[in-house]
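What follows is a short report on a single structure.
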Amino acid sequence: MNDHHHATTYVPKSAFAKWFESRLPIAGLIHSSFVAFPVPRNLNYFWTFGGVLFVMLVLQIVTGVILAMHYTPEATKAFDSVEHIMRNVNYGWLLRYLHANGASMFFVAVYIHIFRNLYYGSYKAPREVLYILGVIIYLLMMATAFLGYTLPWGQMSFWGATVITNILAAIPVVGDAIQSLLWGGYSVGNPTLNRFFSLHYLLPFMIVGVVILHVWALHVPGNNNPAGIDIQSGRDAVPFHPYMTVKDGFSLVVFLIFFAWWVFYMPNYLGHADNYIPANPAVTPAHIVPEWYFLPFYAILRAIPDKLGGVIAMFGSIVVLALVPWLDTSKVRSAVYRPIYKQFFWIWVVVCVILGWLGAKPAEGGYVIAARIATAYYFAHFLVIMPLIGFFEKPKPLPRSIVDSVLGPGASRIPVGAAAAPQAKG
Amino acid sequence: MADAVVSTAEPTRRDFLYLATTAAVGVGAAATVWPLVGAMAPDADTVAAGAPVELDLTPIAEGQIVKVFWRGKLIFVRHRTEAEIKAAQDVNLDALRDPQPDSARVKEGHADWLVVYGNCTHLGCVPLGNSGEYNGWFCPCHGSVFDTSGRIRQGPAPINLPIPPYTFVSDTKIRIGESGATA
């Protein structure tokens, strides 16, 4: 294994670069992190979503900052200011549709990223801290998305804010105090909108901070990979540039085409028509549903026939994710070599999709019963199935090295030709 | 090593300085956080706008439910019919999740008037009046069912619709936000 993350191979060329590098070695840091950084040669396209997510975060911040220049966070003006953005502001419609659909695309990418992690066992040692930082980013994303959804002050905004702040009031002892501090009054109103706007602007920058920690924690052990085995020699790895930069770039272009399809062809499909009705505290929309990316959690919340119990189950469904590195007792990382876990993984994915579907249905009759069964299974997957599989499953034999997993057994003994180092050809 | 023995045997002036400094920093931090958190509490405007409101009951017909706001919170004022009052009174209290006799939820001598907060005690949606199995309220969000006394009968809501503080100023006028002597 080479000395990638301790010393840099960056050599400043100009006199200024030398002078600057000896004072702030940032060019060397970037070079060793995003140019020379060795990544496993078998990374597939599921490994490109970290880069996609970073671009989405930047895009949300850029469109959001410009939208904030035209938006008025005041209860009687907020709704009109959003329509003002749509009708009067140059390209306001584009910025708003990019920002609103961008939130959805952000969650599309993060769910692919999370499912990839759970399939290939990327959460296992030595990447637990990296993984937990990811769970924290996910929580911050959820808070940011919720706060942002309240800002247009339509019916769904208002009642979403009401439902979620009432969820927090279920917390014993301090719940009412937290609710009052969030509301800034006796109910959801103008002070609530003001502070939600402030917090919606703040949280993305906190996400940036945790993302920096996330990337730092990634660069200590390096990437996991589809084989789930460590890099053993230089031939198991390729440099980040050009291999991952090009792969990430291609993936990003495809993702942005998908994104543009929503923005330009069905910009309101993922939203709710009710949010084009100004907030009215006297009338609840007939059917309150959160945005699609919250639906599985909403189904869990409603499945429990007890207010505090529902809230605990909903938060528990995310907390349990953070415990996965210790709930999974198998030493093998990748599901490719775990025949039993692989099947249960896909059952769990289906259960998550079912929960999402149930979250969009009214809370009555058979839907409630189905939601209870799915909720029970969701928790059983992590708390019962995952620990047990590790004891009973007989994993398939692991390849001797990453090179072997790509080129077949014995490949690690054959010398690799110069074809594998295009970056060295100038 | 000798220093360590001395310091454990008897506190030195330096120990005192450490403790005093730490305590001062702690007090200073608390004093700094206090106004920051305090500024998030309801402001003076909001508190002032939360003064009691009066409601004239004469235009409210029997069987009608009127929505009013106090402190931004929705309140239902329901002029109950004889049948609704009887249905609310003839209930086995042991069967209730949040047992309360109907008489404890109305003002004495004014059983025809039910005044309750209009947000479901589950997650705050507005229940629909004159609907649900008990013809009280039905919450369309998560399916809570309330009877004609505003008591929870089915669904996820943990408690009955709460009664706001109010008092009868006269037989036809109530003041919401102020508890009367008979409350």
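Letters go in sequence order (proteins before strands), and every chain restarts at 1.
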[X] atom [atom1]: more than 12 heavy-atom contacts under 6.0 Å:
| X | atom1 | answer |
| --- | --- | --- |
| A/Y186 | OH | yes |
| B/E82 | CD | no |
| B/Y18 | OH | no |
| B/K86 | NZ | no |
| B/D171 | CG | no |
| A/M142 | CE | yes |

Original post:
Can you tell if the side chain of A/P191 reaches within under 4.5 Å of the side chain of B/P42, non-hydrogen atoms only?
Top reply: no

**OP:** For residues B/C125 and A/V163, determine if any side-chain heavy atom of one lies less than 4.5 Å from a side-chain heavy atom of the other.
**Re:**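 Counting from C-beta outward, B/C125 and A/V163 do come under 4.5 Å.
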
Original post:
Between A/V283 and B/V126, is a side-chain contact (heavy atoms from CB on, under 4.5 Å) present by the stated rule, with each step listed?
Top reply: CA-CA 6 Å; A/V283 180; B/V126 177; over 6 Å; no

**OP:** Spell out, as yes or no, whether a donor-acceptor pair under 3.5 Å connects the side chain of A/K307 to the backbone of B/T121.
**Re:** yes

Original post:
Within the side chain of B/K73, is there an N or O that forms a donor-acceptor pair under 3.5 Å with the backbone of A/S187?
Top reply: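 Checking the backbone N and O of A/S187 against the side chain of B/K73, no donor-acceptor pair under 3.5 Å is found.
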
Original post:
Quick one: what part of B/D45 sits under 4.5 Å from any heavy atom of chain A, side chain, backbone, both or neither?
Top reply: neither

Could you grab the distance from atom [atom1] of [X] to atom [atom2] of [Y], nearest 0.5 Å is fine?
| X | Y | atom1 | atom2 | result |
| --- | --- | --- | --- | --- |
| A/W183 | B/T46 | CH2 | OG1 | 13.0 Å |
| B/M40 | A/I178 | CE | CD1 | 10.5 Å |
| A/T284 | B/L128 | OG1 | CG | 7.5 Å |

Subject >> Which of A/G310, A/G189, A/G185, A/A282 touches chain B most, by non-hydrogen pairs under 4.5 Å >> reply: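 Between A/G310, A/G189, A/G185, A/A282, the count favours A/A282.
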
Original post:
Side chain, backbone, both or neither: which part of A/Y367 has a non-hydrogen atom closer than 4.5 Å to chain B?
Top reply: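 For A/Y367, there is no contact with chain B at all, as no heavy atom is under 4.5 Å.
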
**OP:** Under 4.5 Å heavy-atom distance to chain B, tell me which part of A/L301 shows up: side chain, backbone, both or neither.
**Re:**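 Answer is side chain: those atoms of A/L301 sit under 4.5 Å from chain B.
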
**OP:** Just give me the residue among B/P140, B/G124, B/G38 that pairs up with chain A most often, heavy atom to heavy atom, under 4.5 Å.
**Re:**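 Looking at each option in turn, the highest pair count goes to B/G124.
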
